[in-house]
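What follows is a short report on a single structure.
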Amino acid sequence: MTDEVDEPAASGVQVTAERELREPREALEELSSSVFRVLRRLGVQPNELEDGIQSVLMQIWGRWAVLGKLPSDELRAYACTVASGVAIDFSRRRGRVQAHTGTLEIEPVLDEPGPDVAVDQKRALEMLDTILRAMPEERRIVFVLYEIEELGVHEIASRLDVPVGTIASRLRKAREEYERAVVRLRAAQAFPGGRR
């Protein structure tokens with residue numbers, strides 16, 4: 001008898017180890033676009049983005065043994081709420097209560113839009129950024145997680161450790177602010193100089 005390892009068993013172990021390494025990497029890469037959007041919409045500056053994304057992904061990686069078992073939508077929800085916490089930390093580090101939201105330099109594009117569609121999309125994103133900039137941080141976080149990242153109210157409440165009623169109230173107020181701001185901005189665009 002020899003101490004040789006059966007070839008198929010050894011390669012099976014290697015394939016499993018490679019899969020265990022590849023799956024977190026692929027999952028983290030998939031999460032990075034959502035994390036990017038949340039960080040930018042919540043005011044993380046362009047020069048802070050790499051650090052912010054890395055902070056979120058490292059927190060997820062550190063708990064991968066538990067988080068890796070979550071369904072992809074729950075993992076995404078977790079990543080978005082971690083990103084909101086990181087955005088708040090960056091805002092506090094800058095010494096401001098209200099984060100300055102900038103426009104996204106890189107928007108995920110599904111298809112190449114025509115020039116008219118691209119201009120309309122750019123205007124809509126600029127309008128969204130203007131509205132989000134004016135919104136109080138606690139409402140902006142809920143609005144971004146619910147309306148942009150499509151997380152549910154219960155999921156947001158659970159992840160932020162805030163009562164569901166509080167999340168629903170913040171969302172309602174944020175939606176009202178958003179609607180009023182859209183009307184105001186559209187009127188300003190339609191009637192430059194304030195004349196009607």
Side-chain angles (χ1 to χ4, degrees), residues 27 30-46 48-49 52-53 55-57 59-60 70-92 96-111 113 117-189:
E30 288 174 15
L31 293 173
S32 63
S33 63
S34 291
V35 169
F36 174 85
R37 281 191 309 272
V38 170
L39 290 173
R40 281 302 288 139
R41 294 292 181 223
L42 295 180
V44 174
Q45 300 299 303
E48 301 170 326
L49 271 175
I53 292 170
S55 177
V56 172
L57 298 181
Q59 287 181 49
I60 293 169
L70 293 175
S72 61
D73 59 333
E74 288 183 35
L75 181 60
R76 187 174 150 279
Y78 181 83
C80 289
T81 54
V82 170
S84 69
V86 167
I88 291 168
D89 290 343
F90 274 84
S91 175
R92 288 179 182 153
R96 292 189 264 158
V97 175
Q98 191 75 264
H100 168 73
T101 303
T103 58
L104 290 178
E105 287 77 25
I106 305 167
E107 271 295 328
V109 178
L110 300 177
D111 294 322
V117 173
V119 168
D120 289 343
Q121 286 178 343
K122 185 174 190 254
R123 284 183 186 148
L125 288 172
E126 287 170 355
M127 183 183 290
L128 175 64
D129 287 334
T130 300
I131 294 168
L132 289 175
R133 221 182 351 263
M135 211 177 272
E137 187 174 82
E138 62 187 14
R139 292 183 200 149
R140 181 174 51 229
I141 290 169
V142 173
F143 188 83
V144 167
L145 292 177
Y146 187 86
E147 295 292 345
I148 296 174
E149 294 304 320
E150 300 178 345
L151 302 183
V153 172
H154 292 282
E155 200 167 23
I156 296 169
S158 170
R159 301 288 180 208
L160 296 179
D161 198 27
V162 175
V164 173
T166 302
I167 295 297
S169 175
R170 289 177 185 175
L171 179 59
R172 180 185 52 77
K173 289 177 183 178
R175 283 176 166 168
E176 289 170 357
E177 287 177 44
Y178 176 82
E179 291 299 323
R180 284 192 306 268
V182 166
V183 169
R184 228 180 10 258
L185 288 171
R186 286 188 178 155
Q189 289 173 348

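Sequential numbering from 1 along the given sequence is applied to the chain's residues. Not measured: the values here are computed from a predicted model.
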Query - Residues in side-chain hydrogen bond (donor to acceptor under 3.5 Å, both in side chains) contact with T130, at least two apart in sequence or another chain - result: R133
Query - Qualifying residues under side-chain hydrogen bond (donor to acceptor under 3.5 Å, both in side chains), relative to E149, sequence neighbours excluded - result: S34, R37, R76
Rounded distance [0.5 Å steps], [atom1] in [X] versus [atom2] in [Y]:
| X | Y | atom1 | atom2 | value |
| --- | --- | --- | --- | --- |
| L132 | L42 | CG | CG | 8.0 Å |
| R139 | S169 | CZ | OG | 7.5 Å |
| L31 | C80 | CG | SG | 8.0 Å |

Query raised in the report: Under the ring-ring contact (aromatic ring centres under 6.0 Å, His included) rule, what pairs show up with a residue in residues 156-175, not counting sequence neighbours?
Result: none
With [X] via side-chain contact (heavy atoms from CB on, under 4.5 Å) - residues at least two apart:
| X | answer |
| --- | --- |
| V182 | M127, I131, Y178, R186 |
| P163 | T166 |
| R175 | F143, Y146, E147, L171 |
| E179 | none |

Side-chain heavy-atom pair [X], [Y] within 4.5 angstrom cut-off:
| X | Y | answer |
| --- | --- | --- |
| V86 | V35 | no |
| I141 | I156 | no |
| R41 | D129 | yes |
| L128 | I148 | yes |

Query raised in the report: What residues form a salt bridge (charged side-chain N to carboxylate O under 4.0 Å, His left out) with E176, not counting sequence neighbours?
Result: R172
Query - Nearest atoms (heavy-atom pairs only) where L39 meets A83 - result: CD2-O, 3.4 Å
Query - Minimal non-hydrogen separation, L75 against A27, with atom names - result: CD2-CB, 4.2 Å
Requested in this report: Take V44 and I53 through the test side-chain contact (heavy atoms from CB on, under 4.5 Å) and record every step on the way to the result.
Outcome: CA-CA 10 Å; V44 174; I53 292 170; over 6 Å; no
Query - Selection residues 77-88 - residue pairs positive for side-chain hydrogen bond (donor to acceptor under 3.5 Å, both in side chains), sequence neighbours left out - result: R63-Y78
Query raised in the report: Can you check whether Q45's main-chain N or O pairs, donor with acceptor, with E48's side chain at less than 3.5 Å?
Result: yes
Requested in this report: Quick one: which residue pairs count as a salt bridge (Lys or Arg N to Asp or Glu O under 4.0 Å) with a foot in residues 159-170, not counting sequence neighbours?
Outcome: E138-R170
